[in-house]
Structure formats: structure tokens, C-alpha cells
Amino acid sequence: MLSIRELSAWYGAVEALHGISLDVAEGERVALVGSNRAGKTTTLRAISGLIGRRAAELTYRGVDLLRTNPHAIPAHGIAHVPEGRQIFTGMSVIDNLLVGAHTHKAPAQRRERLELVFSLFPRLGERPQQAGDTLSGGEQQMLAIGRALMAQPTLLLLDEPSQGLAPRIVDEMYVALQRVAETGVTILLVEQNVSLALEFATRAYVIENGRISLRGSCQELVNDERIRASYLGI
Amino acid sequence: MRTEAPWGRRTLLAIGALALLCVPLLHLSDYTMRVATMTCVYVVAAAGWTLIGGYANQITLGQATMFGIGAYVSTMLFVHFHVSPWIGGPLGAMAAALAAAVIGLLVFRLWGAYFALVTLALAEMVRILVEYAQPITGGPQGISVPFVRNSLWLLQFPEAKDYYEIAALLVILALALARAVQSSPLGYRLRAIRDDEVAAKLAGINVFRTKMIAFMLGAVLTALAGTLYAQITGFVDPDSVLSITLSVQLALYAIIGGAQVWWGPLAGAALLVPLGQAMTGSGSGAGAGLAKIVYGLLLVAIVVIQPLGIAGFVKSLQRRKRAAPSEAIAP
């Protein structure tokens, strides 16, 4: 499980996270919601070691992530799908996916993962040789998630997967994510679309100005007056 | 997948390599052969740049350091200790790889313009150091390689053109390595870094180590070219083997040829080295300045019209050819 105690993070001299604590248990689906610039993306980046951070505890399955090199973190089962579908635009769909699997030496294992990704996202399976930059926004997002899944992660960090996508594509993607979760992959989801996130996850944290302001089961939060007023617009 | 018979492509490459080795059979003029030999040297040097500058888009402007180390190490060993360049060259290449490791340690955290500027500054520092170390390096005046005798073991021949076969062999070796890297897992990692360094890191790629391996491999190639240069010209000085101009030239050859493919340095150097030579040779010295202006204009043209260089033009031609039938039907 992922456990975070008193995590702070900086962008240069600016402290962006002020000691947040959160836990994600094995197989759980947890959402981290909040407004723009509240610190959602920063939290994921801090977990992956992409920015300077400090914490009383930052461990995953007993591995101290504070002492792990960023590039070595995927090998511990954590896959991070960054915001804005950062795929390798100069590469074909299949090459993008193979880069995601580069930690696996066995070709059979790679083939198995490819089949899984193509079954989750048939659109990718239809165009394996297409260049990354000619894909639609939704396909790029699917490719970014697919690439993360190639590494056979046990924990998936998803940053704004619905951003800038048509509602129909968002639905399609969340159906796939549902299936990913059902295979036992733990998911920590960051979403600006709060109602979507609360629907997908079982538990959620609300982050405001770099602090956790509220936590609970999604059912409780959906019915919480403050959430309804500030985030759901009801 | 493109369904090209792989043996067909391989045969083509073998024929190309053979043709390169058979150029002397054409009985071209001595002058042409000298230019061809020098072109080969710069193809190899630029191929060394491509591994890091092209494949990973880490635009280093200090590749002359590697060329200079190759040239100076083998020459100093030869002059002071009578060591054959066949041994001095590889030693120079090892020294260049070591220098690359140190420079890489300093610069790989930087990106874009910062990276380019710091590599340029470090290369200048090396040049200045060599100028000050006059007792061993000959300082700003350089060192000449004394001609002992016509000997393959000493890598000494009476004429520049006599080096052609060795230079051509080195080209084949360098491009074979560049091609192997391009399609290897290392090549994948470098492309991933070129496209998006953060995403590469998140995919579990050790970005630092990947860059380092490419930089050190490239340093070896460029240094070997430096050794050969020193043997051919019989003279090494900071201006010709450690200058900013050389660093920029090597990057230009690769970029104009197409920095993302293994044969880019070949296309770029084969176009620009003879062109520079022709312009320097004409117009009583004014041509030398003109050559730089033309380089500059070419670079601007490439960046504006086709950032992928000659390789990019070839690719778009191929695409057009494939698309041609449908265009013929269209009104």
C-alpha cells in the first residue's frame, strides 16, 4: 500500500504542498480532487520524484520512495500517467507501448501485455503503426495509459485523464479504467471533474491550497454540502 | 510494419559500403581524393555527435573537445613516446570517453539552450587549457607530426589521399555503429528522451545513464576521427581541432544531413565539406568567410523548411511517391 505522511513539495523556492497525508490500500480506487492549482498534480509528481519533496513517510509496499531514483520507481510497480498525455510523439503506437515495457526482458511477457492493452483500448490495436502525433486526443490519452500498463504496474497514478476530451471518449476511457481496476490494479486518480472522480473511486481526498481539507468515502462526499456547493455545482 | 525484404536493404547497404571503398578505382584527381578523405574524417566525427545530439536531441556544442582529445593524445604519444597511432588512437578514444563522462556529469541536468551553452563553455575551457600547457601540447602553435616513413604501422603515408581506404573503413564502422544504436533498445531510449524526458523517466528509463552511454560512444567515434585527422594533416593545433567553429560544424553536418537518422552525418558532411572546400579554394581567402555565411544560410533554410534535414526531404519525397497514384486521379 501507498502511505504518505506530512508530504511537502517545492517548485523552486515556492512550497506547493504543505504536509499532506494520505493512504491508498491494495486494490483500492482513491480520487484526489480539488480546484486548479490546489496541488493535485504536484502530489503525483512528488510521489514519482519529479520534483523536490520532503516527507515523514513516503512508502509503497515498504519501499522508501524518498530514497528511490525516479527512473527506478516504475520497477517497484508504480506507473504514472502524466497530465496532458505525454506520449512520445515521434514514435508509432507500438513503439510507445514497447518503451513502456522496456523493463521486461521476456518477449512473451511483452506480447501478453500488448494483447491486454489492445483488448482494453481496441482503437490502439487498430492502428499500431500510426505515429503518436497523428492520433486524436482521446487516442493519445489511451496510449499514455496503455504505455503505463505495459510495465505491469500494481499502482496506477492517473493525472487528469479526462482533460480536454469529448464526453463520449471520456466514458469509453473510464469503462477501460474500470476494467483495469477489476484486474486488481490500485488506482490513485487526480481529476478536476469531481463528479466523475467520485463516481469512479470508492474513497476520495479533497485538496485545497496544498492541504487536505476533507476526506471520506465517495458516497459521503457526494452528499456533503460543501462539496455539492463548491465542486458539484448543485 | 513496412514489408521490405530485409535482405534487400542489407544488400543495398553492402553495395554502398563496397562502392565507398572502391572510389579510388575511379582515378579521380589527387585533389578530389584529398577532399573525399577529409569528408570521411568529418562524417565519422559528425556521426559521434549524432548519437547524443541527434538521437537524443541533446545539442552539444562541444564535440570538438572529443576530436581534439583524439588528435592530441595520439599525436603526443607518437611525438614524445613513439607510440603508433594504432595504439594512440584507441587510447585517445578512451580519454575522450572519460572526458565525456566528466562533462556529462556536469551538463546532463541542464536542458535546451543551457545545455548547449555550457557544453560550449566547457569546450572553450579545454581549448584554453591546451594552449597554456605549452610544454606538452605545443600551446597555440600546435605540434607537427614528424614524417618518419611510409608505413601502415605508423599510419603514415606520403599523401593525404593514401589515407582514403582507412578513412572509408572508419566511416563504414562508424555508420554501422550508428545504425545499430538506432534500432537497439538504447536507440529507443534515446528517442524517448528526445520526445519527452519526463515521460521517459516515468516509463522507467534511466535518463542520465542513457544519455551518458550515447555521449561516451559518440566521443569514441569523434576522437578516432581526430586521430586520423592528425595523421593526415601531420599537424595539430587548438584552432583546427578544438575550436568552437569545429564544434558548430560537426553539429551542422549532422543536422543538415538529418540528425535523427544514422546516415544524416554522411549526407551532411558529403554536401558541406566539399562545398566549404570549393568556396575556400576560390576567391583569394574571401571564400573562407563566404563559406561560413553559406553554412549559416543553409542552417536557417533547414530549420525553416525542413527541420529533419536532407533525411527529412528524402522521407517526404518517398511519401509523395507513395501518394502519387491518388494524386494522378484527382483533377
Side-chain angles (χ1 to χ4, degrees), chain A residues 41 44-45 47-51 68-105 107 110 128-133 140 143-153 156-159, chain B residues 1-4 50 53-58 104-105 108-111 114 181-214 258-262 264 306-309 311-312 315-316 318-319 322-323:
Chain A
T41 294
L44 296 191
R45 290 173 63 89
I47 294 170
S48 292
L50 296 177
I51 53 169
T68 309
N69 240 320
H71 65 78
I73 286 180
H76 292 294
I78 300 181
H80 182 163
V81 182
E83 195 179 10
R85 356 181 163 107
Q86 295 185 5
I87 58 163
F88 303 121
T89 50
M91 290 188 198
S92 66
V93 166
I94 196 114
D95 284 354
N96 262 282
L97 293 174
L98 289 176
V99 168
H102 86 116
T103 44
H104 298 299
K105 293 280 177 277
R110 261 180 277 183
Q129 293 304 325
Q130 197 171 324
D133 52 357
Q140 288 190 13
L143 182 55
I145 295 171
R147 189 183 60 208
L149 291 174
M150 287 299 289
Q152 212 163 351
L156 196 56
L157 307 177
L158 290 166
D159 198 349
Chain B
M1 244 340 105
R2 227 180 303 170
T3 49
E4 219 157 345
T50 289
Y55 291 180
N57 199 28
Q58 305 293 309
L105 215 57
F108 281 152
R109 288 181 189 287
L110 308 169
W111 56 276
Y114 300 100
V181 167
Q182 191 179 330
S183 54
S184 72
L186 173 63
Y188 270 76
R189 291 187 198 122
L190 290 168
R191 279 200 292 159
I193 291 169
R194 177 177 78 206
D195 276 355
D196 193 324
E197 212 170 306
V198 171
K201 206 180 274 177
L202 291 177
I205 291 172
N206 188 335
V207 172
F208 182 81
R209 198 177 64 182
T210 304
K211 285 181 187 172
M212 191 61 108
I213 292 170
Q260 304 188 355
V261 294
W262 60 270
Q306 181 49 271
L308 297 179
K315 211 177 214 178
S316 65
Q318 280 175 343
R319 217 172 279 156
R322 238 173 276 150

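Heavy atoms only: backbone and side chains are in, while hydrogens, waters and symmetry mates are out. Order of the sequence lines fixes the chain letters, A, B, ..., with proteins taken first and strands second; residue numbering starts at 1 for each chain.
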A:Leu50 versus chain B, heavy atoms under 4.5 Å apart: side chain, backbone, both or neither? side chain

Is chain B contacted by the side chain of A:Ser48, its backbone, both, or neither, given a heavy-atom distance below 4.5 Å? side chain

Which distance, rounded to the nearest 0.5 Å, do you find between the NE2 of A:His71 and the CZ of B:Phe208? 9.5 Å

Against chain A, work out which of B:Ile205, B:Val207, B:Asn206 has the most heavy-atom pairs shorter than 4.5 Å and name it. B:Asn206

Distance-only donor-acceptor hits, side chain of residues 197-204 of chain B, under 3.5 Å, sequence neighbours excluded:
unit_1   : atom_1 : unit_2   : atom_2 : d
B:Glu197 : OE2    : B:Lys211 : NZ     : 3.2

Quick one: list whatever passes salt bridge (Lys or Arg N to Asp or Glu O under 4.0 Å) with A:Asp95, sequence neighbours left out. B:Arg191

Hey, does the side chain of B:Asp196 reach the backbone of A:Phe88 with a donor-acceptor pair shorter than 3.5 angstrom? no

